[in-house]
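Shown next, in structure tokens, is the structure this report addresses.
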Amino acid sequence: MSTEYGTLNTPGDEESRPTQVEQTKCQKIRSYLGKHGHRIFISWFIVILAAAVLTLSFHFSLLPRHKHDGEPPVDGETLNEMCTSDRSWFLALMLSIFFGPFGVDRFYLGYIFLGVLKLLTAGLGGIWWIVDVILIALNVLTDHPNGCHLH
């Protein structure tokens with residue numbers, strides 16, 4: 001093989017070249033993550049930070065304003081006051097967002113069997129995790145022993 005500029009390769013030169021080794025998918029992913037892993041980490045951090053900011057702003061926007069003591073309670077308010085759980089809605093939501101695939105939110109709410117099932121399946125690949133975040137954010141999911149809404 002000639003290394004001079006402008007020379008032509010002969011058919012014998014091509015056979016002497018080392019062939020490039022094919023990479024497996026796992027090796028390609030590792031090389032890609034080695035080059036761009038910090039970008040992936042930063043983007044996931046931004047997504048989690050944005051979710052936390054939106055959740056906090058939603059939580060603080062729903063805090064009750066100062067009530068006038070002279071107003072009689074509405075029937076729905078007395079029902080909610082009678083059946084209010086001692087577990088925090090905000091803590092359940094934060095546990096669900098950050099540790100949801102491990103079932104920590106279900107353990108916190110008292111659903112032990114569902115927590116173990118969610119832990120073993122990793123939140124059904126993220127689907128169950130997203131559903132639980134939505135259910136807790138809307139305060140639809142109640143605590144297990146009493147069936148009361150979270151406060």
Side-chain angles (χ1 to χ4, degrees), residues 3 9 14-151:
T3 59
N9 292 334
E14 292 177 5
E15 295 172 3
S16 64
R17 287 186 188 167
T19 58
Q20 190 174 11
V21 179
E22 290 290 323
Q23 289 183 338
T24 63
K25 287 184 181 182
C26 186
Q27 290 172 338
K28 288 179 182 178
I29 290 172
R30 283 185 185 166
S31 68
Y32 181 79
L33 286 178
K35 295 175 187 174
H36 305 289
H38 64 283
R39 292 182 183 145
I40 294 171
F41 174 76
I42 290 171
S43 63
W44 271 110
F45 183 74
I46 290 171
V47 167
I48 289 174
L49 188 66
V53 166
L54 289 173
T55 304
L56 284 172
S57 63
F58 181 70
H59 171 70
F60 287 117
S61 70
L62 293 180
L63 285 178
R65 305 285 185 242
H66 297 287
K67 282 184 155 183
H68 299 291
D69 292 331
E71 292 181 10
V74 183
D75 291 326
E77 289 181 359
T78 56
L79 179 62
N80 286 336
E81 289 176 3
M82 288 178 11
C83 190
T84 301
S85 174
D86 58 341
R87 295 184 173 111
S88 170
W89 168 82
F90 181 69
L91 182 60
L93 186 61
M94 287 295 112
L95 287 174
S96 183
I97 289 173
F98 294 109
F99 302 109
F102 307 115
V104 176
D105 54 343
R106 290 290 183 157
F107 287 121
Y108 175 70
L109 293 175
Y111 298 98
I112 303 300
F113 177 73
L114 292 177
V116 170
L117 192 63
K118 194 172 176 183
L119 175 65
L120 294 176
T121 62
L124 288 178
I127 297 170
W128 192 357
W129 173 47
I130 292 171
V131 168
D132 273 353
V133 168
I134 293 170
L135 288 177
I136 293 173
L138 296 176
N139 204 9
V140 174
L141 195 60
T142 60
D143 67 342
H144 180 63
N146 303 325
C148 296
H149 291 283
L150 305 173
H151 79 281

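Computed from heavy atoms alone, side chains included, the values below leave out hydrogens, waters and symmetry copies.
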Got more than 12 heavy atoms from elsewhere within 6.0 Å of CZ, F98? yes
Within the distance-only criterion (no hydrogens, no angle test), does the side chain of S43 pair as donor or acceptor with the backbone N or O of R39 below 3.5 angstrom? yes
Distance from S85 atom OG to L109 atom CG, nearest 0.5 Å? 8.0 Å
Report the distance from atom CE of M94 to atom CH2 of W89, rounding to the nearest 0.5 Å. 7.5 Å
Residue F102 excluded, over 12 heavy atoms near CZ under 6.0 Å: no
Atom of K28, atom of Q23 and distance for their closest heavy-atom approach: CG-OE1, 3.4 Å
As an exercise, state the distance from CG of L150 to CG of D86, rounded to the nearest 0.5 Å. 9.5 Å
Residue pair R106 / L117, side-chain heavy-atom distance below 4.5 Å: no
About how many Å separate OG1 of T84 and CG of D143, when rounded to the nearest 0.5 Å? 10.0 Å
Say you draw a straight line from CD1 of I97 to CD1 of I130; how long is it, rounded to the nearest 0.5 Å? 11.5 Å
W129 side chain reached by L124 side chain, heavy atoms, under 4.5 Å: no
Looking only at atom types and distance, does a side-chain atom of R87 sit under 3.5 Å from a main-chain N or O of Y108, one as donor and one as acceptor? yes
Is any side-chain heavy atom of W128 less than 4.5 Å from a side-chain heavy atom of L114? yes
Between L95 and I136, is there a side-chain heavy-atom distance shorter than 4.5 Å? no
Beyond-backbone contact of C148 with T142, side-chain heavy atoms, under 4.5 angstrom: no
How long is the gap from CG on L141 to OH on Y111, to the nearest 0.5 Å? 5.0 Å
